[in-house]
Amino acid sequence: VSTPPVVTQMLAESGLSDEPQLTRLLGDLHALGDVPAPAPAPELTELLGATPAVCAPPAVAPLRRRVVGGATALAFAAVAATGMAAAANELPSGAQRVMARFSERFLPFAFPAPAAGRGPASGADAGDAPAPANPAPVPTTSPPPSSAAAVPPQQQERDGQQGMGQAAPATRQPDHGDARHKVDSGARDRVRDRDRGDDADRRPRAGGSRDADDVERSRGQTLRTSTGTPDHDPTGGPSTTAPSTRDDPAGGDGSGDGGPGAG
Amino acid sequence: MPVSDDVVAAARAGDAQALTALYSALAPNVLGYLRARGAEDPEGLTHEVFVQVLDKLGGVVGGAAGLRTFVFSVAHARLVDEHRRRARRPRETPYQQELDGRREPSAEATAMVDLGEQHVLDVLAELGEEQRSVITLRVLGDLTLEQTAHVLGKSVGAVKQLQRRGLLALRSLLERGEVAL
């Protein structure tokens, strides 16, 4: 068996050229490398057969990761935009009211509630408006039984505030947070608090929120008939259709659906 | 098949045939080195070494000699990592050859080869760590003193001294009959 050149060289470098046992031992050690190459694993096989360009990692993220990332960014942007619009009181009144209630219950801060006159401007908000464009069904023609007992005292209070009728619209636009902490300063404030829903949860009422709506309608009717001015938001909430019917003491067109005779 | 500078250049260009030639020429020596140093899974570690080598093949300089130095630098580093990893293990089950299913049914010739291999490993185990590294890198890696010094991060003089002391220790073991050939 021939001695590997490197073994001969090593022995010569160390001055041990004439050492047969040592030479044989190093020859056996060299024989450990005289084996076939192990079969490459699949990953290594792929590397051995690939060009460098193929070995390069993909520069673009997978499609699914991009979709998920985009959807997440879009959701964050939508939430942020809604929150900022709600903070600026720029949402439609229905959405603004929902955001205000949500923030009062679940967030450490409160978004402002919508102004009262803004609602009727859009058709989507008509259901939330406390003073709808058509006040006819409110009065005495068909009052709900549950509201019959609740209305008179408030009506009396409102009647006592006739002098405030002119100033009423202007006092409605401040935020509702102040009104929540006031001691019962008038029926309007109470109704406003009810409209916020806080008291509705605490006070047992026979008619639930429906009573509050009825009271609100009758309240608006009372103010309108007593003052003769349209109940609109002086800040610009247009209530274009209301004045013509509200100001008609005979019921406007005489359609028989109940005129604004109550009050 | 010897590794030439042309083969290394072709492998760096991505030629599959050259890459396969490099692997066929160097993998047996890497496997032998890892086995002589007592790696737990020499085949698996050889695979890891070449995955890393092929990944960084574009940065290798020095032709065939430079590639050989780089390959054994990676092999030595992975071996050191494995030794450290094994040193951190709290308990280690001793190897039981009869339970190892990776081994084919042994023929007599195979048994003799295994016995010879085990004998060499037993002799090398008597050396110090650095002496064992120098001798195995030189013999199995077919490296020069300079290349060995580069792999181990030592000076050529230090490597030469370690080599001489290691060989003298082996000769002493053989003369005292503590190991028989």
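Just so we're on the same page: letters track the sequence lines, and every chain starts at 1.
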**OP:** With sequence neighbours excluded, tell me which residues meet side-chain contact (heavy atoms from CB on, under 4.5 Å) with A/Asp34.
**Re:** A/His30, A/Ala31

Heavy atoms, side chains only, cut-off 4.5 Å: are [X] and [Y] in contact?
{"X": "A/Leu32", "Y": "B/Tyr33", "value": "no"}
{"X": "A/Pro38", "Y": "B/Tyr23", "value": "yes"}
{"X": "A/Leu29", "Y": "B/Leu124", "value": "yes"}

Original post:
Who in residues 157-164 of chain B is close to chain A, using a strict under-4.5 Å heavy-atom cut-off?
Top reply: B/Lys160, B/Gln163, B/Arg164

Verify the neighbour count for atom [atom1] of [X]: are there more than 12 heavy atoms of other residues, nucleotides or ligands below 6.0 Å?
{"X": "B/His150", "atom1": "NE2", "answer": "no"}
{"X": "B/Gln17", "atom1": "CD", "answer": "no"}
{"X": "B/Glu48", "atom1": "CD", "answer": "yes"}

Original post:
Among B/Leu143, B/Thr144, B/Ile135, B/Leu57, who wins on heavy-atom pairs under 4.5 Å with chain A?
Top reply: B/Ile135

Original post:
Of all of B/Leu22, B/Val51, B/Leu31, which one pairs up most often with chain A through heavy atoms under 4.5 Å apart?
Top reply: B/Val51

Original post:
Checking side chain to side chain contact (heavy atoms under 4.5 Å, CB included) against A/Asp28, which of B/Val123, B/Val120, B/Val139 comes through?
Top reply: B/Val120

**OP:** Might you point out which heavy atoms bring B/Pro28 and A/Pro36 nearest each other, and give the distance in Å?
**Re:** CG-C, 4.1 Å

Original post:
Which heavy atom in B/Ala16 sits nearest to a heavy atom in A/Gly49, and how many Å separate them?
Top reply: CB-CA, 4.0 Å

Original post:
Checking B/Leu145 against chain A: side chain, backbone, both or neither under 4.5 Å from a heavy atom?
Top reply: side chain

Original post:
Is it the side chain or the backbone of B/Leu54 that comes within 4.5 Å of chain A heavy atoms, both, or neither?
Top reply: side chain

Original post:
Does any heavy atom of chain B fall under 4.5 Å from the side chain of A/Leu26, the backbone, both, or neither of them?
Top reply: both

Original post:
chain B contacts: which residues in residues 75-87 of chain A have a non-hydrogen atom closer than 4.5 Å to it?
Top reply: none

Subject >> Sorted by number, residues from residues 4-14 of chain A in contact with chain B (heavy atoms, under 4.5 Å) >> reply: A/Val6, A/Val7, A/Gln9, A/Met10, A/Leu11, A/Glu13, A/Ser14

**OP:** Enter the distance from A/Leu22:CG to B/Glu175:CD here, rounded to the nearest 0.5 Å.
**Re:** 9.5 Å

